Structure formats: structure tokens, C-alpha cells
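This report concerns only the one structure given below.
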Amino acid sequence: MHDLKFICASFFKNPSPQQVNEAKLVELVAVRTRMLADDILELVNIPLEEAMNENEREVIVLLQGMRELVYNHNDSNLRTGEVFADFTAQVIMFCLLYAHRVLCASEDSPAEKERKINAYIKEDLSEGEALTPFRNLMLYLRDHADKSFFINQRIDECIKFLSFIKMTDQQLLNPDYHQLFELFLSKYDAKSRFDFGAYYTPKVLADFVVKLVNYVVAENFPGKSIYDDGNTIVDPCCGTGSFMEALISHDPGNGSYNLCGIEILPAPYMLANYRMAVLEKQNGKKNNKIKILLANTLSNSVFNGEANEDSIEGRELLQANKISALPLKLVIGNPPCSDTLRENISDDFSIINGLMEDFRPPEAMRRGRQNIQKQINNPFMQFLRWSCKKLLDSQNHSVLALIVPLSFLEAESYKYARKYLCEHFSDVWAVAVDADARTGVRSDSLFHTLQGRAVIVLTRKYGDDAPIRVVHYCDYSHSMRGNKERLLSDDISNIASRFEEYGIDTDTVAFSPVKPFDTEMYKKFWPVSNENGQNAIFLNHCSGIKLAPTAIFTHVKAPMLKRRSREIALNGASEASVWFSKQDRPPKEEKIVAFQNALNGCGDKRVMDQMLTENIHSYSFRPFLTSNVLLWKEVLLKYSRIGGGGTRLRPEIIKAYSDQNTVGFAMAHAPKDLNPTLSQFVSFCWYYPDNDMCTRGNSHIYMNQYPNRQGGMSTNIAPEILSAVVSMIGMSEETAAKKIVFYVYAVMCSQVYLDDFEGALFTVNQSDKRARVPVVSDKELFLNISEIGKSIADLEKVDFSPENILGFDYDFLMQSVPAGFQIKNVPHPFDAENELLLLTDGNRTIKVYCPLSLQRLNISGYDVIKAVWLKFNSYDFTHCEFTGDDMRRLLDFLNTIAIHEKYVEKLDEMIAPILNGVVPLVVNED
């Protein structure tokens with residue numbers, strides 16, 4: 001027993017260093033940071049007069065002093081206790097981690113590491129020292145708090161912990177900075193993970209951008225370099241320092257230039273400083289002057305130089321102002337990007353928000369709820385405008401290089417920003433890096449985001465006011481990741497050879513090329529609609545019905561929609577989970593409860609059944625899929641007011657489609673957002689139409705008639721085209737309006753039309769660039785095309801009975817469905833080589849003939865077989881076994897889309913001569 005005590009005492013008296021991997025180390029530091037933040041938050045919001053004793057009073061006073069030291073001002077709306085606690089805890093713990101990584105050697109003993117870390121946080125600051133804001137806070141604690149202060153106790157514990165952590169030279173000199181940052185955030189706050197819209201810049205891309213910048217500078221400014229003595233380079237959103245490292249690594253000499261990074265978050269700020277320290281250890285001290293600042297780049301203080309110099313934040317802001325006011329040669333970076341984040345909108349950011357006016361449409365073109373203005377608030381746009389302001393204020397040649405969303409190159413939302421760049425810079429180079437994975441293109445991206453990414457590099461020749469008229473463009477977005485990395489890593493001469501020069505269209509100001517098309521011929525066509533008062537075919541259009549959640553209100557089988565509704569009324573969320581749990585978007589509990597309460601408000605079961613019977617209607621749900629919908633107005637109106645919202649009943653659509661005389665089609669206004677290549681982007685709607693008739697954006701419904709203000713219906717065809725068609729075909733306006741709908745739909749289904757005018761049609765949403773169609777003045781041809789359009793439209797009627805053109809053995813295939821077969825919508829349901837559709841329940845498989853062309857049929861962004869029919873008829877969505885009758889419906893569906901293919905072939909024969917200019921057209925005076 002005595003021996004055991006002696007062994008234990010010796011073990012705890014002489015602890016040895018512990019070697020851990022980076023993930024474990026960061027996890028343990030993150031846990032300590034979280035605990036410290038929680039401790040601070042518990043006390044920081046307590047008013048001084050509410051202190052329970054003298055000790056607590058001293059703690060509150062000390063925290064208030066720290067708060068005054070940290071912040072430039074004490075606006076409670078901007079500097080909440082939670083924000084202060086998070087910031088302070090991260091600053092303290094990352095200061096300790098920095099000292100452990102930078103100052104401690106792998107061979108140091110625990111005692112030596114503890115001594116070095118303590119010395120670092122307690123010694124006076126020296127001029128030019130890294131992590132100045134962190135050190136200032138630590139020195140405040142040194143001077144104002146004794147060892148018993150709870151923060152100091154946390155610091156002492158963490159230092160002792162770190163002193164026994166042994167790091168290898170490999171870990172110290174070759175860290176993965178991005179991984180360190182991500183690991184910390186995931187452990188510190190797994191829920192929010194600080195969603196600032198920031199994405200790590202891959203090293204291969206940072207190197208590529210710096211190589212390209214050097215090349216462009218040499219091309220535009222012979223004999224000059226970004227590394228010339230006295231130059232100032234700024235990364236206004238430096239993150240963990242990817243671009244700063246790339247700039248230093250590609251410096252061919254030892255230039256005496258200023259390199260400044262600005263970062264708002266403590267964690268990446270520390271890692272950027274650590275990165276610079278590692279580079280200095282590896283390469284030795286250089287002539288360049290490196291400064292990394294902890295500040296909000298977009299703050300008014302960085303523009304006007306007004307800040308509280310007694311605060312840590314104020315001093316950093318003043319330094320950011322001083323450096324960014326120097327003559328800048330290069331602004332480079334990967335600014336944060338978020339479609340939903342609305343940061344930097346308070347009075348503290350009034351200057352940048354005022355400057356954003358330069359990126360907006362002219363005032364005469366602005367309207368309320370205008371979608372094209374929403375992206376002006378995206379943070380990356382603010383950083384772009386900040387960069388322009390700082391560069392244009394510099395009286396010298398300069399360069400701007402930023403990573404931006406791929407959509408920036410051509411989306412209408414950014415048109416006026418591009419126009420501003422063209423008017424104020426001299427040359428532009430654009431690189432499509434990652435495709436937008438939301439279009440359905442196979443994503444093999446460098447960035448782990450759905451949104452595509454691009455690079456823009458602009459030069460400004462000081463004193464040259466000539467606008468940019470051409471863009472140098474290169475596209476890597478559809479390359480596989482490995483090949484993309486290889487191409488980006490290539491020699492700069494090979495990289496430069498891949499760029500092609502294109503004229504910039506004066507209407508769209510796009511920084512990406514379009515496929516050539518006959519522009520003179522296209523001008524003769526009629527716009528489907530127009531937002532600027534020009535002659536168009538349709539007077540009005542409206543988005544389809546938006547259900548939120550769709551799953552509650554729709555089902556491909558009306559009887560099952562009734563049954564499911566009754567069971568939810570009886571058992572609520574528990575029953576809903578049985579029906580919806582395996583769907584990709586199951587409804588939230590609050591909406592299930594609202595639905596249950598509404599159903600039970602009907603009273604008895606008989607009244608509920610009557611309500612369901614009266615309100616379930618056929619529903620144009622997806623291309624070639626008519627579903628059933630519970631259009632119960634009372635509950636849908638309530639849904640539109642539930643938190644999270646989303647439901648839009650569209651009274652004009654309800655009114656129009658309650659009239660059996662209404663016919664219309666759904667069109668996607670942004671075909672390029674649907675697919676990587678152009679395909680049919682219209683589908684017919686015989687019934688109430690859903691908003692998601694296209695995969696992205698709203699589906700816009702174009703109808704022959706539209707509700708008027710008097711409560712009735714009026715023709716929805718513009719007088720000019722309606723009059724011309726009535727005169728040509730000799731029929732009533734009502735009949736002519738329907739003929740026009742079928743005619744326009746037919747033309748837009750034509751593959752030859754899509755091919756010949758891809759350059760005009762394959763666009764992002766542009767309100768003044770709606771698709772145009774040729775309207776022939778030949779009566780017979782017009783009526784023939786309209787009739788084919790109606791035939792194609794008829795394919796989407798619920799009672800359409802197709803001819804068996806694929807030659808199925810219906811009886812055999814219907815009998816081949818085994819009992820209890822629950823069909824799954826698997827990721828790969830096709831055998832392309834043998835032209836088969838494979839139906840499976842996970843154990844058994846049924847093979848059905850399916851031509852390759854049908855397997856690939858995509859309409860409005862949907863793979864019609866896999867993403868429409870199989871998905872919504874799968875067991876996860878129907879909760880029904882797949883039967884022989886379902887097999888018959890599937891075979892009918894396949895025959896139907898095969899007939900669609902035949903109609904399009906016949907249609908193309910009629911459309912081709914029109915597009916070749918040999919058929920006279922109805923003249924559009926505009």
C-alpha cells in the first residue's frame with residue numbers, strides 16, 4: 001500500500017508532456033474559450049448597483065473597464081454583453097495559443113513553456129509587435145486585476161495546460177490554418193459557427209490570383225511591379241492570411257513594400273499573424289513591412305479617421321484609416337458573401353452605405369420590392385465599393401483583384417456595379433472558377449459552397465478616363481477539381497494563353513461572353529413580356545402558388561391526401577412524422593400544429609371530409625406531373641402569417657384558374673440558373689400552377705386572360721399582337737388569345753429555336769431581356785404551330801391517354817410488380833448502356849425500357865423522370881405500395897414524354913424556315 005502511494009505521488013509530482021494532434025488541441029482550447037465566455041457573460045450585464053458584495057462589485061468594475069478599453073464606442077445595440085464576452089474570451093485564449101505556437105520550441109520543457117507564455121502576456125509592448133490588440137488587453141489585466149480574478153484563474157489554467165502540450169516541428173511550421181479555424185469554430189459554437197459568409201481561400205486559387213495580377217500589371221504597366229519599393233497592398237478581409245502568404249511567396253526579389261491585412265474576427269486574425277510568423281521563420285526577415293489589423297474595414301472610422309484612440313478598437317481603426325489612405329497599388333481579397341446576412345447597416349456604416357448608391361439603378365428605374373436591388377446589400381458588394389473608393393482616391397496606377405460570386409459576372413442585380421467598374425477602370429480580366437451547384441451541374445468546386453465563384457482583376461491607368469469595352473475571359477468552372485487545380489497551378493504563360501477577348505455588351509454589361517446569334521433577326525421577334533413599356537405579347541404575368549410547406553398540402557393521389565389530413569388531425573406531429581420524416585423538406589412542427597388545429601376547427605369528421613372534398617383540386621405541380629392540392633384558403637392565409645412564412649396564395653392565379661376558360665404556361669425567367677446548358681424552360685399549366693414549376697426562382701405564369709379590377713376577366717394579350725392575329729386568322733379575340741398562348745408555348749418548346757438563339761435565351765434574370773419569339777404572318781403556318789402547341793399541352797392533362805409508341809407489354813410489366821413493393825427514388829435509377837429504367841425497393845428490381853433521350857429529358861431544371869415522377873411517386877412521398885396500377889401510370893408517363901419528343905421533332909421542321917428568315921413575320925414596331 002505504501003509503495004502504491006509513493007508511485008502515485010511520484011506520477012502526479014512529475015507530469016510529462018503530452019503529444020496531441022491539432023484537432024484535439026484546438027478542441028481543448030475551444031472548450032476553455034467557451035467556458036471563459038460564459039463566465040464573462042454571466043457578470044458583464046449586471047449593473048454596478050446590483051452587485052451582491054464588494055468582491056462582485058470589483059469584478060463588475062473591472063469588466064466595465066475592459067469593455068471601455070476594447071470598444072471604440074459603447075452603443076449597446078452594437079456591443080452586447082454576448083458579443084463582448086465572445087470577443088474577450090477569444091482574444092485571451094488565442095493570445096495564449098499564439099505564444100505557445102510561435103515562441104515555444106518543440107524541445108522546451110513544460111516549465112520553460114510556462115515561463116515563455118507568461119513573459120509574453122506580461123511584458124510591455126514593443127513597437128510593431130504582432131497581435132497588439134490582444135496584448136493590450138492582456139496588459140490591462142496585468143495592471144488592473146490580481147491573481148484571484150476569475151479571468152486570470154482561467155488564464156493560469158490554460159497556460160499550465162498548454163505547457164504540457166508537445167507540438168512537433170511539422171505541426172508548428174506547416175499548420176493547416178483553415179482547419180484550425182474551422183475546428184475552433186465548430187467546437188466553440190457549433191450552432192452558429194459565426195456565419196459571416198466567409199469562405200476559406202484555397203491555396204491554389206490564392207497563388208493563381210497573385211500570378212494573374214503580376215501578369216496583368218506587366219501587360220498594362222511595363223516595367224512596373226506590385227512589389228516596387230513604397231507600394232502599398234491591402235487585403236481588406238484577410239481571414240487567415242491566404243492572400244498575404246501568396247503575395248510574399250511570389251515576390252521574386254525582396255521588395256520594400258507595405259502589406260496590410262484587415263480582419264474583423266479574433267480567431268482568423270490570430271492565425272494570420274501566426275502564419276506571418278511561420279513565414280518569417282522559414283524565409284527569414286524581409287524588407288517588406290507587414291501589418292495585420294483587427295478592425296471592421298467598412299466602419300466610418302476607416303474612411304474619416306475619427307475614432308476613440310484610447311480604445312483597442314479605436315486604435316486599430318485609426319491605423320486602418322492611415323494605411324488605406326496611402327496611395328494604394330493593389331487591393332486583393334476574398335470578401336465575405338451572403339445572400340441573407342445584413343451586417344454593416346447601422347449609423348456606424350453610413351459612409352459605405354452612401355457609396356453603395358453608385359451600384360444601384362438610376363432612381364427613375366427603381367421600384368419597391370425590386371429584386372434586382374436586393375444583392376446590393378451583400379457584404380461582398382460593400383467590400384467591392386470600399387476597394388473602388390480607396391483605389392480611385394489614390395493618384396497613381398492601381399489594381400483591384402477580388403473573388404466574387406460567379407453570378408456577379410452577368411446577373412442583372414450587379415449590372416450597375418459592373419457599369420461603374422467599366423466607367424472607372426481601364427481593363428478587366430474575369431475568370432469563372434466554380435460553377436453554381438444550384439443549377440444542377442455536377443459540383444466539383446474548390447469552394448465548399450453551392451454558389452459559384454469567379455475572380456475579377458481590374459487595372460486603373462491613372463489619368464486615362466477611357467471606359468472598359470472588352471473583357472479578357474477564361475472559364476474553369478466546368479473542369480473536374482483535380483484538373484482545375486492543375487490548370488490553376490500552371491505556368492503563367494499557359495494561363496494567359498487561355499484567355500479570350502470579348503466585347504462587353506452595352507445593355508447587360510456582362511463580364512462573360514454569350515454564344516453568337518442573329519441579333520438582327522432576334523430584334524424582329526416579340527418579347528413574351530416586358531417591364532419597360534415596350535410592345536410585348538402578354539400584358540401581365542404572375543408567380544405560381546407558393547405553399548409552405550408544400551408537403552402538407554399536396555399528394556399525387558387525392559384519396560391519400562384526404563387520409564393523411566385526417567390522420568394528422570387526429571394525431572398531430574407524431575402522425576406527420578410517419579408521413580414526412582424521409583422527405584427532403586419535412587414540414588416544421590409549428591406548421592403541422594397549425595394545420596391540425598385548423599382541421600379540428602371544422603368540428604366533426606363529416607364536416608372535415610366535406611371540406612377536404614370541396615377543396616382538393618388538380619394541381620400543375622411539376623413539368624409532366626399533375627398532383628393534387630388542398631387549396632383551403634382559410635388555413636393558407638393563416639400559414640402566410642406564421643413565422644418563417646413563405647406561403648403565397650396568389651389571388652390572381654386562384655381567380656384565373658377558377659375559370660375553366662383559362663389556359664397558360666409556366667416560364668423560368670432565368671434559364672441559366674436552372675442548368676449548365678440550355679434546355680426547355682416552359683411547361684404547360686392546365687390547373688392551378690405551383691411556384692416551383694422551375695427549380696430556381698419563381699415560375700412565372702402567362703395566361704390568355706387575367707383578373708381585372710372589376711372582378712371579372714380580361715384578355716391578357718397586348719392589343720397590338722392580338723389585333724394582328726385576329727386579322728390574320730379571322731377568329732374572335734377570345735379564340736385568338738388562346739391560339740396565341742399555344743403558339744408561343746410551341747415555339748418555346750422547339751429545340752431548333754433554343755439552339756439558334758441560345759446566346760439570347762440562356763441568361764440569368766434580366767427584366768428588360770425577356771425571351772422573344774417570332775410571330776409569323778402566315779395564317780396556315782401560325783395555326784399549324786398553334787395546334788402542335790396545343791397537342792404538346794394536352795400531354796399534361798390528367799385524362800390524357802397516350803399511344804403505346806414505346807411498345808411496352810403493359811400486362812407483363814403490371815403483373816411483374818411484387819406484393820409489398822415500396823419504390824425508392826435512388827440516386828442512379830438508369831442503366832444508360834442498355835436503355836433501362838431500374839425500379840427498386842432496395843431488394844428487388846424491375847427493369848423497364850427507357851430510351852436514353854428520355855432519361856436525359858430536362859424541363860425547367862428538372863430531370864423529368866428521376867427528379868419528378870420517381871421522386872413524388874416514391875414510397876417516401878406517397879406512403880403507398882407501388883402496384884400494378886402505378887406501373888400502368890408510369891408506362892403512360894414514359895409514352896407521354898416520348899410523344900412529346902416526337903412533337904418537338906415535327907415542330908422543329910416548321911420552326912427552322914422561320915428562323916432562317918424565309919417566312920414573313922408580324923412586325924413589332926418597337
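The structure presented is a predicted model; accordingly, all values stated were derived computationally and were not measured.
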Residues in side chain to side chain donor-acceptor pair (under 3.5 Å) with Asn691, at least two apart? Asn698
Could you go through Arg566 and Asp609, starting from their C-alpha distance and side-chain angles, then the distance that decides it, and tell me whether this counts as salt bridge (charged side-chain N to carboxylate O under 4.0 Å, His left out)? CA-CA 8 Å; Arg566 285 196 299 267; Asp609 284 348; 3.3 Å; yes
Sorted by chain and number, sequence neighbours left out, side chain to side chain donor-acceptor pair (under 3.5 Å) with Asp659 holds for Gln705
Applying salt bridge (charged side-chain N to carboxylate O under 4.0 Å, His left out), name anything that partners Asp755, two or more places apart in sequence or on another chain. none
Residues that Tyr753 engages under ring-ring contact (aromatic ring centres under 6.0 Å, His included), provided they are two or more places apart: none
By side chain to side chain donor-acceptor pair (under 3.5 Å), Tyr743 pairs with (sequence neighbours left out) none
Using side chain to side chain donor-acceptor pair (under 3.5 Å) as the criterion, list what pairs up with Asn804, not counting sequence neighbours. Asn895
Please list every donor-acceptor pair under 3.5 Å in which a side-chain atom of residues 720-728 meets a protein atom from a residue at least two apart or in another chain.
{"from": "Ser727", "atom 1": "OG", "to": "Ser723", "atom 2": "O", "distance (Å)": "3.0"}

Could you tell me if Asn708 and Ser714 have a donor-acceptor pair between their side chains, going purely by distance under 3.5 Å? yes
Can you list everything that forms a ring-ring contact (aromatic ring centres under 6.0 Å, His included) with Tyr657? Sequence neighbours excluded, please. none
Any side-chain donor near an acceptor of the partner, Tyr619 and Thr554, under 3.5 Å: no
Lys779 meets the salt bridge (charged side-chain N to carboxylate O under 4.0 Å, His left out) criterion, sequence neighbours left out, with none
If a pair satisfies salt bridge (Lys or Arg N to Asp or Glu O under 4.0 Å) and one of its residues is in residues 786-797, list it, with sequence neighbours excluded. Lys790-Asp794, Asp794-Lys797
Looking only at side chains, do Tyr745 and Ser786 share a donor and an acceptor under 3.5 Å apart? no
Ion pair check, Lys672 and Glu410, cut-off under 4.0 Å: yes
All pairs passing side chain to side chain donor-acceptor pair (under 3.5 Å) where residues 898-914 contributes a residue, at least two apart: Gln680-His900, Ser750-Asp908, Ser853-Glu901
List the residues meeting side-chain contact (heavy atoms from CB on, under 4.5 Å) with Asp692, not counting sequence neighbours, and say none if there are none. Arg622, Asp690, Tyr862
